[in-house]
There are 4 protein chains.
Amino acid sequence: MIGARGSVATTAVAGCAAVVAGLHPPTGLATETRPFSQAGLVPLSSLVFGGHDTADCPLPKRAEALAEGGVLPHGMPTAVRAELEAADRAVRPGGPQPGDPRSTEELVDAFAADLTAFRAEHGLARVVVVNVASTEPAPTDGVLPASSLYAAAALRAGCPYANFTPSTGIQHPALAERARASGLPYAGRDGKTGQTLLRSVLGPMFRDRALAVRAWSGANLLGGGDGAALADPAAAAVKNAGKERVLADTLPAVPEGEVHIDDVPALGDWKTAWDHIAFDGFLGTRMVLQTTWQGCDSALAAPLVLDLARLLARAHEAGISGPLGELAFYFKDPDPVRGPKDGATAAPAGLAEQYQLLLGFARRLGAAA
Amino acid sequence: MIGARGSVATTAVAGCAAVVAGLHPPTGLATETRPFSQAGLVPLSSLVFGGHDTADCPLPKRAEALAEGGVLPHGMPTAVRAELEAADRAVRPGGPQPGDPRSTEELVDAFAADLTAFRAEHGLARVVVVNVASTEPAPTDGVLPASSLYAAAALRAGCPYANFTPSTGIQHPALAERARASGLPYAGRDGKTGQTLLRSVLGPMFRDRALAVRAWSGANLLGGGDGAALADPAAAAVKNAGKERVLADTLPAVPEGEVHIDDVPALGDWKTAWDHIAFDGFLGTRMVLQTTWQGCDSALAAPLVLDLARLLARAHEAGISGPLGELAFYFKDPDPVRGPKDGATAAPAGLAEQYQLLLGFARRLGAAA
Amino acid sequence: MIGARGSVATTAVAGCAAVVAGLHPPTGLATETRPFSQAGLVPLSSLVFGGHDTADCPLPKRAEALAEGGVLPHGMPTAVRAELEAADRAVRPGGPQPGDPRSTEELVDAFAADLTAFRAEHGLARVVVVNVASTEPAPTDGVLPASSLYAAAALRAGCPYANFTPSTGIQHPALAERARASGLPYAGRDGKTGQTLLRSVLGPMFRDRALAVRAWSGANLLGGGDGAALADPAAAAVKNAGKERVLADTLPAVPEGEVHIDDVPALGDWKTAWDHIAFDGFLGTRMVLQTTWQGCDSALAAPLVLDLARLLARAHEAGISGPLGELAFYFKDPDPVRGPKDGATAAPAGLAEQYQLLLGFARRLGAAA
Amino acid sequence: MIGARGSVATTAVAGCAAVVAGLHPPTGLATETRPFSQAGLVPLSSLVFGGHDTADCPLPKRAEALAEGGVLPHGMPTAVRAELEAADRAVRPGGPQPGDPRSTEELVDAFAADLTAFRAEHGLARVVVVNVASTEPAPTDGVLPASSLYAAAALRAGCPYANFTPSTGIQHPALAERARASGLPYAGRDGKTGQTLLRSVLGPMFRDRALAVRAWSGANLLGGGDGAALADPAAAAVKNAGKERVLADTLPAVPEGEVHIDDVPALGDWKTAWDHIAFDGFLGTRMVLQTTWQGCDSALAAPLVLDLARLLARAHEAGISGPLGELAFYFKDPDPVRGPKDGATAAPAGLAEQYQLLLGFARRLGAAA
């Protein structure tokens with residue numbers, strides 16, 4: 001995991017251990033539901049965690065802080081301390097940090113070497129790289145952003161890759177040819193956890209009922225590190241693009257309205273998203289739907305990260321390569337779906353169609369040798 | 001239409017005329033969207049309206065009241081006065097009213113004769129009967145409720161039938177054999193306009209993401225006649241059963257929580273539905289989604305009624321008979337879907353799957369001679 | 001405290017100890033704010049807790065359960081274990097329980113003896129009795145309900161009394177003469193913690209701005225024991241009367257609308273209250289205010305209980321007797337205010353006026369010897 | 001009225017006529033309630049309307065547009081057409097418009113001459129100037145903004161003045177001495193109609209209950225001209241300052257959180273304001289209050305404008321001069337209150353205290369000769 005000491009990563013490591021130990025049911029893990037039982041996925045108990053981070057706070061301590069904030073159940077950090085410590089030992093320094101003298105190539109080499117060493121040290125069949133770091137501002141021309149350095153390292157080390165953030169990652173033009181040539185499966189971009197998840201079912205509802213959405217406005221209150229990171233307007237712009245894309249892709253016309261992101265440290269790891277949807281019914285009658293979503297982003301994201309790691313690992317094992325639009329269920333800005341004759345079409349934007357696509361993918365994984 | 005002088009019927013008649021005249025776009029009419037353009041549906045301009053009602057208030061006057069309440073645009077009752085008057089002339093006395101000396105058979109005969117006469121008088125290819133009357137309390141044993149008398153009359157007169165209400169209608173056991181033998185298509189039950197429409201997309205979202213819904217509570221504030229009718233606990237119980245069915249059918253376990261229906265005359269023809277959904281994420285983290293839906297039921301229902309009339313008319317023309325689970329998109333409590341080998345399976349409860357089913361049905365209608 | 005092992009009592013005992021120990025600021029305690037600093041109130045550190053309960057679960061264990069549910073901070077039950085144990089030792093069996101052979105008089109005597117013994121054992125200047133037990137159904141004629149038995153015992157033992165519940169308590173007609181003759185101060189009824197607190201500021205806002213409230217509807221989702229107790233329609237009716245009283249007392253006309261109370265065990269000790277207020281502005285323009293209150297009742301009630309105990313103790317010390325309408329700030333259904341010439345007028349229903357009244361009372365307490 | 005052809009002014013003119021004609025009750029007019037009946041206010045029927053505007057659209061046409069948008073009842077523009085036409089004839093060209101060659105002095109002279117001519121033409125005892133124009137951006141140094149030109153004209157023409165907007169108006173330093181010397185009463189600033197009205201009762205509630213507000217965040221969706229005007233960040237900043245002031249003035253500490261204003265043309269003349277208030281209860285328990293206010297700003301503002309005109313006219317008649325903090329009830333950013341010894345203190349920020357202050361002022365007006 002890139003950002004391996006962050007809230008999402010810590011929750012994923014602690015939660016995987018807790019589910020394996022039978023302390024909690026696998027809530028939020030689609031891959032633990034029946035339709036995925038024959039897909040040949042690696043069991044949760046076989047997963048080994050590690051990654052890169054520029055932060056020093058060890059995972060057990062981070063987990064304590066999350067328990068303090070109500071994200072992890074009290075007592076869990078202690079119960080899964082061994083697994084948190086093991087993951088922490090497998091975290092390598094991230095970068096580049098200010099003043100780092102290494103060239104782009106040297107950084108990519110270093111990260112790739114870390115990945116290879118991790119695979120060798122733990123005797124793993126494969127390593128999946130998942131980006132769960134903070135959102136980057138939109139990159140400036142010519143410079144490969146950090147998220148793309150890690151993606152390049154994944155390609156160099158032969159690792160399947162998923163980008164759970166809106167950062168550039170593997171989609172940087174400079175990596176296009178390498179990605180194509182790698183024979184690796186990859187997926188992205190920007191995990192769909194809360195407000196956008198909702199939009200991906202409400203948008204199709206309005207569309208299929210031929211109701212005319214006039215304005216879709218939203219407010220997002222975020223505490224924790226996410227709020228601080230997105231208080232940067234450039235990062236927020238990248239984030240919002242994903243939210244608006246879902247509307248653009250599911251509605252016949254892009255409605256009026258904006259989404260604001262506010263940093264509200266008092267909310268801790270919790271997030272509140274309010275949506276106000278003004279729509280016209282028959283004969284122009286004006287109606288309104290409002291939604292308020294109060295969730296914990298780390299708890300929403302962590303099981304999706306585990307799902308993605310398992311699905312990509314199995315896809316790699318099954319020899320599937322290239323961008324996996326079939327994983328659109330997980331993303332705000334999914335890859336296109338490749339057809340049998342190699343033509344590509346945009347992945348569906350509605351969650352229900354994305355879920356059908358995912359089920360089909362699970363069957364394909366199950367059918368593979 | 002049964003209840004031909006009510007809000008829904010008045011809105012359907014006025015709205016159809018307004019859309020035909022180009023005064024308004026066909027918002028809310030799925031059958032006017034592209035996927036239905038090749039289904040061979042009767043054009044809106046060919047529809048002729050009439051029906052039964054126990055009320056005396058003429059449709060033009062009812063339309064004025066609806067315009068006063070903001071359901072119809074101001075000026076519309078005047079603009080489509082001719083069409084409202086024509087429909088009003090085609091309304092026959094409903095029943096049975098207290099003290100009516102006629103037997104069940106005589107009532108069914110009288111209603112059937114009205115339908116036949118309407119068809120003859122206007123030279124129509126066919127008449128579709130749609131129940132848009134107020135919700136009945138659950139029927140007592142042995143007595144055929146009014147909604148079923150009308151259904152029996154539709155069968156007798158050879159008319160396709162749709163039940164937009166939670167009343168018994170054609171689903172009374174005493175009509176089962178007649179319905180089967182009739183060779184007519186029919187559909188029901190209980191139009192899905194607001195809170196349940198929402199539930200039919202949110203339920204699958206929680207299910208597919210493996211999130212555990214703990215409690216789903218709701219409040220419904222209704223003005224207008226609907227509020228008064230549903231202030232009767234027996235009628236409300238019938239109505240609520242439909243709302244809870246959608247949750248039972250889309251979620252792995254029925255959550256805690258109830259729906260309350262309140263009569264709030266000050267709201268006029270408008271309705272506000274609040275839902276509070278307590279769910280668990282990964283590791284039992286407690287999260288909440290709240291929705292507030294402010295809509296006008298007549299404006300939501302009327303285009304669905306027009307859709308149903310057109311789809312059933314075309315099905316009849318195409319020789320399709322029996323319960324049409326394919327129209328589940330429109331109902332809270334849909335009929336089962338019959339498979340190719342005559343086995344029947346429950347219709348899907350999620351809106352997206354219901355929409356796919358409807359699209360398939362549209363293609364089937366288009367393919368019929 | 002009557003109900004001394006319940007959530008409110010446990011939170012009051014634990015919280016008082018935590019604030020005294022400097023573990024938490026005195027949030028929610030009006031009596032710890034500046035205007036009360038000269039009122040001569042007993043310091044929190046001098047309070048000693050005890051009471052009656054029919055339940056057996058010891059306070060330390062109850063506190064652990066509250067910490068599990070997020071009402072008390074984790075670690076607090078351990079930090080204040082000594083104080084919880086001390087309070088638990090001072091809890092005497094409540095009653096009457098089914099099959100109790102004692103007469104009304106015997107019960108009152110027993111409770112009064114408990115109070116006297118508690119005072120003597122701890123060498124206290126005075127004991128204030130506060131009812132924080134579950135809501136009783138409306139009493140049937142002739143039988144003195146449990147809440148009134150305890151009130152009679154308080155009078156007999158010479159204890160000031162506050163009724164934080166909607167139960168009858170000291171307001172039973174059979175106690176009127178005894179209360180008058182006792183020379184004791186008392187106050188009630190039904191603590192104002194959440195939805196009604198809000199109503200007591202919103203009602204005056206609409207009134208003072210001459211806005212016409214048409215309908216005020218509400219839904220209350222309660223977990224915990226409170227939800228179960230109020231699932232009994234008789235108890236809920238008693239509770240709702242208080243909520244509606246605030247509207248009746250602050251608005252020029254009682255609006256349409258009801259409040260529903262739902263038992264939703266999944267919410268644990270938390271409560272969600274939704275209010276929908278339809279009002280008319282200038283020229284009848286229809287507008288809507290909605291509020292959603294998500295709170296923890298025990299945490300809202302506990303500091304008010306501590307405030308009341310301190311204010312009543314000081315009033316007793318200052319020789320003030322009779323019903324204290326000046327404490328209307330705390331109650332849904334407050335006592336009348338006695339004027340200088342012994343005439344009584346209804347206490348104000350708006351929170352701001354109640355607060356002014358309370359400030360005046362604090363000055364009066366400060367001025368007393 | 002400055003902005004005499006805008007929504008607020010049109011609604012005030014039409015509404016005053018409709019109330020005088022008995023077509024509507026005086027909802028929203030505090031001055032028509034009992035406590036004001038002895039204050040000697042001018043009757044609504046004696047009010048004569050006129051003003052300045054840079055817009056050309058005549059009031060009757062503007063009223064039709066408002067009726068179309070549901071702000072005025074249908075039929076009202078016709079019913080009060082004569083009064084709308086009369087007011088429209090009394091509207092003089094506003095300014096300065098781009099390219100206007102007149103100096104500041106010439107503009108002030110011209111506006112003052114218009115006011116004097118209006119008074120003479122209609123034989124009025126006095127003219128009250130009320131600014132209901134769109135919000136100006138914060139002024140740049142040295143230039144007198146338009147709102148202050150009009151204020152200067154009011155002073156020159158001897159007219160009482162009220163500023164219903166957040167613009168600078170009479171509070172420009174260059175006018176301070178003239179205002180002091182004028183002997184005229186005036187009041188401001190920024191009418192309190194919706195979200196801030198709510199905040200002015202909720203803030204004191206949290207304060208008086210000693211609950212710790214951690215974050216107060218808000219979203220404002222505005223259609224109509226107001227939305228467009230406030231889409232200008234400079235104007236929005238001015239507007240938001242007023243909203244935040246109410247929190248700063250009623251809470252012990254300024255909470256985290258921001259207010260966003262969005263222009264959503266689809267909402268027409270309607271406005272939706274969502275507030276999310278995160279607060280701590282006893283022992284730091286985290287709770288949340290959310291409010292959603294759906295109102296029509298013109299209908300909320302118009303009666304306040306009528307109230308202000310009447311109160312200022314009477315104050316002028318009674319020889320009261322200077323800033324009237326006693327009218328704080330109407331404003332987000334009220335003037336200070338002058339004490340008997342000419343010292344000035346900040347007006348209270350809580351609505352209830354402001355209302356008490358207003359009642360006292362009404363008594364003072366009544367007691368004046």
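These numbers were taken from a predicted model, which means no experiment stands behind them. Below, chain A is the first sequence line, B the second, and so on; all start at residue 1.
Residue L267(B) comes nearest to R286(C) through the heavy atom pair C-NH1, 3.9 Å, listed as atom of the first residue, atom of the second, then distance.
Ranked by heavy-atom pairs under 4.5 Å with chain C, the first of P265(B), A215(B), S217(B), G257(B) is P265(B). The choice from E256(B), R214(B), Q290(B), H276(B) that makes the most heavy-atom pairs within less than 4.5 Å of chain C is E256(B).
Note: L221(C) CG to W274(B) CH2 = 4.0 Å, rounded to the nearest 0.5 Å.
Within the 4.5 Å cutoff, side-chain heavy atoms of Q294(C) are placed close to those of V288(B).
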